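Throughout, protein chains are lettered first and strands after them, A, B, ... in sequence-line order, and every chain is numbered starting at 1. No experiment lies behind these values; they were computed from the predicted model shown.
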Number of protein chains: 2
Amino acid sequence: MRLSKRGEYGLRAMILMATPTEDGHPPIVQIKEISQREKIPAKFLEQILLALKNAGMLHSKMGVGGGYYLARPAKEITLGQIVRVLDGPLAPVKCVSQMAYEPCGCPDEETCGLRLVMSDVRNAISALLDGTSLADVNNRVDKVREMLKT
Amino acid sequence: MRLSKRGEYGLRAMILMATPTEDGHPPIVQIKEISQREKIPAKFLEQILLALKNAGMLHSKMGVGGGYYLARPAKEITLGQIVRVLDGPLAPVKCVSQMAYEPCGCPDEETCGLRLVMSDVRNAISALLDGTSLADVNNRVDKVREMLKT
DNA sequence: ATAAAGTCTATAATTTAAGTATACTTTTGA
DNA sequence: TCAAAAGTATACTTAAATTATAGACTTTAT
């Protein structure tokens, strides 16, 4: 049940880009900066951000002073969306996937025990990842920081 | 977040072996039979059952009339145990694994947003898989069968 | 014009997954 | 006692996915 490096790096990068700045604007961030701060190979990150851009979750600006920034407000981008773009469906087995259903070959799907359970697992994962936005993540981090300060 | 074929086949085989028979005994089942009923390549299944045996979840009997059977009652074997043997830790990232923790390299683990969320995901998966025994699965299948009958 | 950025595509390196092969041991029963 | 039925053990192969690197190109600000 592992998240790939691709997925992990992409999530880290998106969370970083969703970190609010003084002014209200979505911060514009360079690949190089993300790469250094999160210790992600720059060329690998490049591909990941490009995929996210092509999926419509990021915008970019070329040239001097350019970089990437969120295409939508942080509270409208969920972790589930990001993971699906980078790692594919959330479901542990294809036959319980909402996004990419495929039969799994059991004689009778309706009475397949594995399917019944894995369907619950997929729903639990989806509830968490589709229910958590980038803004939620950063709010949570802030709360933890508050707690630790005292 | 995908379950491997190894994990999937192993779960299917275990669920099948946990299917109760008339007498109370744990049924003894041959590789060949499981392989045919579940459409799993026999030689691949062989390795999977061996791993499960070496992990103490199955016993076996060699020779004519031999086969595999559950080492413990079906209600004492959880899906989580099986998945861990065949596919490794449930956690999406190593740094939230209970069984096989490893640092994931973020500057500060306590305030890592990804870690906070993935920890929830791992707990949700664990709650379901460690909370569901082979007996639970078959009871559930029986219930669905009842429902469909009417 | 030049340097700083992203774009695009190819390819290399590594790892993992999935499946096959083969030689062996144990047990039963004709 | 020996042949057939079963599991044991390990090695090997193949294919695919993952992770990463390389290089040539485009856009933009100054």
(message) Let's see if you can work this out: which of D:dA20, D:dT27, D:dG7 has an atom nearest to the side-chain heavy atoms of A:Lys5?
(response) D:dA20

(message) When you group the ILVMFWY residues by side-chain heavy-atom contacts below 4.5 Å and let the links chain together, are B:Val29 and B:Val137 in the same group?
(response) yes

(request) With sequence neighbours excluded, give me every salt bridge (charged side-chain N to carboxylate O under 4.0 Å, His left out) pair touching residues 49-58 of chain B. (result) none

(message) With a 4.0 Å cutoff (strictly under), does any side-chain N or O of A:Ser60 reach OP1 or OP2 of C:dT7?
(response) yes

(message) Less than 3.5 Å apart, any donor N or O on the side chain of A:Asn123 or A:Ser126 sitting next to an acceptor on the other?
(response) no

(request) Tell me which of B:Tyr9 and A:Gly63 sits closer to the 5' end of DNA chain C, going by the nucleotide each one is nearest to. (result) A:Gly63

(request) Kindly point out which of D:dA29, C:dG6, D:dT19 is positioned nearest to the side chain of A:Val64? (result) D:dA29

(request) Using a cut-off of strictly less than 4.0 Å between a heavy atom of the residue and any atom of DNA chain D, enumerate the qualifying residues of residues 29-41 of chain B by number. (result) B:Val29, B:Gln30, B:Ile31

(message) Nearest to the side chain of B:Met62, heavy atoms from C-beta on, is which of C:dG19, D:dA5, D:dT8?
(response) D:dT8

(request) Specify the separation, in whole Å, of atom CZ of B:Arg6 and atom P of C:dT20. (result) 16 Å

(message) When you group the ILVMFWY residues by side-chain heavy-atom contacts below 4.5 Å and let the links chain together, are A:Phe44 and A:Leu50 in the same group?
(response) yes

(request) For A:Ile28 and D:dT28, give me the distance from atom CD1 to atom C1', rounded to whole Å. (result) 12 Å

(message) So, does B:Tyr68 get its side chain near the phosphate of D:dT8, meaning an N or O under 4.0 Å from OP1 or OP2?
(response) yes

(request) Check step by step if salt bridge (Lys or Arg N to Asp or Glu O under 4.0 Å) holds for A:Arg84 and A:Asp130. (result) CA-CA 10 Å; A:Arg84 286 202 187 81; A:Asp130 290 327; 2.8 Å; yes

(message) From NZ of B:Lys53 over to C1' of D:dG7, roughly how many Å is that when rounded to an integer?
(response) 8 Å

(request) Round to the nearest Å and state the distance from A:Leu3 atom CG to D:dA17 atom P. (result) 18 Å

(message) In whole Å, I'd like the distance from the CE atom of B:Met1 to the P atom of D:dT18.
(response) 14 Å

(message) Expressed as a whole number of angstroms, how long is the span from A:Leu86:CG to D:dA20:P?
(response) 14 Å

(message) Quick check on B:Glu109: does its CD atom have over 12 non-hydrogen neighbours (other residues, nucleotides or ligands) under 6.0 Å away?
(response) yes

(message) Tell me which residues in residues 42-52 of chain B lie within less than 4.0 Å of DNA chain D, going by non-hydrogen atoms.
(response) B:Lys43, B:Glu46, B:Gln47, B:Leu50

